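A short worksheet on the structure shown next.
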Amino acid sequence: MNKLLILFLVFFSISISAQDSLALANKDSIVYNPKDNKIDDTDIVLQKFDLKFKTKYQSDEFQYEVKVAEKGIWDRFKEWLAYWFRKLFGLSDGVSSNAVNITLKTIAILIIVYVIYIIAKLILNKEGQWIFGKSTTKKVISHEDIERNLKHIDFEKLIKETIKTGDKRLAIRYYYLWLLKKMSEQNIIDWNPEKTNSDYLYEIKSEKLKQDFNHFSYLYNYTWYGEFNIDEETFNKEKILLEKTIQSIK
C-alpha cells in the first residue's frame with residue numbers, strides 16, 4: 001500500500017512540472033508578423049571616384065618627409081677650413097667649427113676697419129684738411145693759395161718752418177714753387193697756374209737750367225703727387241741742389 005502511494009506522488013510531481021514548463025514556453029514565444037518590418041526607401045547616391053585626387057595633397061601641409069637642406073659653397077668652405085684646423089691643430093669637430101667661425105668674424109672685422117680707414121683717408125685731402133671742415137694745421141697752406149699768391153709768399157721762411165716739422169715732401173714742394181717764382185721774376189718763364197711742367201720746360205732757354213728743372217720736376221711729382229717719402233740723405237742732397245739752382249737765377 002505504501003509503495004503505491006509513493007508511486008502516485010512521484011507521478012503527480014512529474015505531471016505538474018511538465019505543465020509548468022509548457023506554460024512558460026508558450027508565454028516566452030515570439031510571434032513573427034511581416035508588417036512589423038520597416039523598409040528604407042531613400043534613394044542611393046553613388047559617389048564618383050576622383051582620378052585627380054593626388055593633386056589635392058601636394059601642398060606643404062601634406063608633406064611629411066623631412067628634406068635636408070643642401071649645403072652651399074659657403075658651408076662647404078667652412079667645412080674645408082674646419083678640416084684643416086682639425087688636421088693641423090688636432091682639434092675636435094666642435095672646437096674646429098668654433099675656431100673657423102671666430103677666424104672668419106675676425107677677418108671680417110679687419111676688412112671693415114680697413115675700408116673705414118680708406119674712406120677716411122679719401123675724405124681727407126693731401127693737406128690734412130677735411131673736405132667739409134677747417135684745416136687741421138695752420139702751418140699748411142693750400143696748393144691753390146700758394147699758386148694764387150706765388151709772388152707774395154716767403155718761401156725761405158716757410159721752408160725752414162716745414163723742415164723743423166720733418167715733412168720732407170712738403171719742403172720739396174715749397175722748394176719747387178720757390179724755383180718757379182724765381183724763374184717768373186726773371187722772365188725766364190711766364191707763370192700761369194694752368195700751365196704744366198712741360199710748358200715751363202719748353203720756355204726755358206738755358207740748357208743747364210732746363211736739365212735742372214727737368215730733374216726737379218721729376219722729384220716734385222715723385223714725392224708730392226706720388227706721395228713717396230725720401231730718406232734724410234736724399235733730401236739733404238736735393239736740398240743743396242735746389243738752393244744752388246735758385247740762387248743762380250739772377
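All values below come from the heavy atoms of this structure, side chains included, with hydrogens, waters and symmetry mates left out. Note that the structure is a prediction, hence the values are computed from the model and not measured.
Annotation: side chain of Ile246 is not in contact with side chain of Phe216 (no heavy-atom distance under 4.5 Å). Two residues are said to be in side-chain contact when any heavy atoms from C-beta on lie closer than 4.5 Å; Thr223 and Ile230 meet this criterion. Residues His215 and Gln211 are not in side-chain contact: their nearest non-hydrogen atoms beyond the backbone lie 4.5 Å or more apart. Annotation: side chain of Leu241 is not in contact with side chain of Asp212 (no heavy-atom distance under 4.5 Å). Side chains of Leu242 and Ile172 form a contact here, defined as non-hydrogen atoms less than 4.5 Å apart.
Heavy-atom contacts from other residues, nucleotides or ligands closer than 6.0 Å to CD of Glu156 number 12 or fewer. Within a 6.0 Å radius of CD1 in Ile73, no more than 12 heavy atoms belonging to other residues, nucleotides or ligands are found. Around atom CD of Glu233, no more than 12 heavy atoms belonging to other residues, nucleotides or ligands sit under 6.0 Å away.
Nearest heavy-atom pair across Met183 and Leu209 is SD-CD2, 4.0 Å. The shortest non-hydrogen separation linking Leu180 to Ile189 is O-CD1, 3.7 Å. The nearest pair of heavy atoms linking Ile204 to Lys210 is O-CE, 3.0 Å.
Screening residues 72-83 for salt bridge (charged side-chain N to carboxylate O under 4.0 Å, His left out), with sequence neighbours left out, gives Lys71-Glu79. Under the ring pair (Phe, Tyr, Trp, His ring centres under 6.0 Å) criterion, the residue pairs touching residues 85-118 are Phe85-Phe89, with sequence neighbours excluded.
Every residue was checked against the side-chain hydrogen bond (donor to acceptor under 3.5 Å, both in side chains) condition with Tyr200, not counting sequence neighbours, and none meets it.
For the atom pair Trp178 CH2 and Ile249 CD1, the distance stands at 10.5 Å (nearest 0.5 Å). Rounding to the nearest 0.5 Å gives a distance of 9.5 Å between CG of Leu170 and CD1 of Ile159.
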Evaluate the side chain to side chain donor-acceptor pair (under 3.5 Å) criterion for residues Ser217 and Asn214: first the C-alpha distance (whole Å), next the side-chain angles of each, then the deciding distance (0.1 Å), finally the verdict. CA-CA 5 Å; Ser217 295; Asn214 189 39; 5.5 Å; no

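Remark: the backbone N or O of Ile188 is not paired with any side-chain donor or acceptor of Lys205 at under 3.5 angstrom. Lys181 places a side-chain N or O within 3.5 Å of a backbone atom of Ile153 that can act as its donor or acceptor partner. At distances below 3.5 Å, at least one donor-acceptor pair connects side-chain atoms of Asn236 with backbone N or O atoms of Glu232. Between the side chain of Asn101 and the backbone N or O of Ser97, at least one donor-acceptor pair lies under 3.5 Å. In this structure, Arg169 contributes its side chain and Trp224 its backbone to a donor-acceptor pair below 3.5 Å. Using modelled atom types, one side-chain atom of Thr162 and one backbone atom of Leu158 make a donor-acceptor pair closer than 3.5 Å. Looking at Glu238, its side chain never comes within 3.5 Å of a backbone N or O of Leu219 through a donor-acceptor pair.
Side-chain contact check for Glu243 and Tyr175: at least one donor-acceptor pair (N or O, by modelled atom type) lies under 3.5 Å. Between the side chains of Tyr83 and Ser96, no donor N or O sits under 3.5 Å from an acceptor N or O. Side chains of Thr234 and Asp231: a donor on one and an acceptor on the other come within 3.5 Å. Donor-acceptor pairing under 3.5 Å is lacking for the side chains of Asn221 and Tyr176.
Note on Glu203 versus Lys195: salt bridge recorded, some NZ/NE/NH1/NH2 to OD/OE distance being below 4.0 Å.
In the hydrophobic clustering of ILVMFWY residues, with side-chain heavy atoms under 4.5 Å counting as a link, Val115 and Ile107 come out together. Residue Ile102 is not grouped with residue Ile109 when hydrophobic side chains (ILVMFWY) are merged at heavy-atom distances under 4.5 angstrom, including chains of intermediate members. Hydrophobic clustering (ILVMFWY, side-chain heavy atoms < 4.5 Å, transitive): Ile118 and Leu110 are in distinct clusters. Hydrophobic clustering places Trp84 together with Trp74 (ILVMFWY residues linked when any side-chain heavy atoms are closer than 4.5 Å, directly or through intermediates).
Taking the six-membered ring for Trp, Tyr222 and Phe228 have ring centres closer than 6.0 Å. Ring pair Tyr220/Tyr174: centre-to-centre distance not below 6.0 Å.
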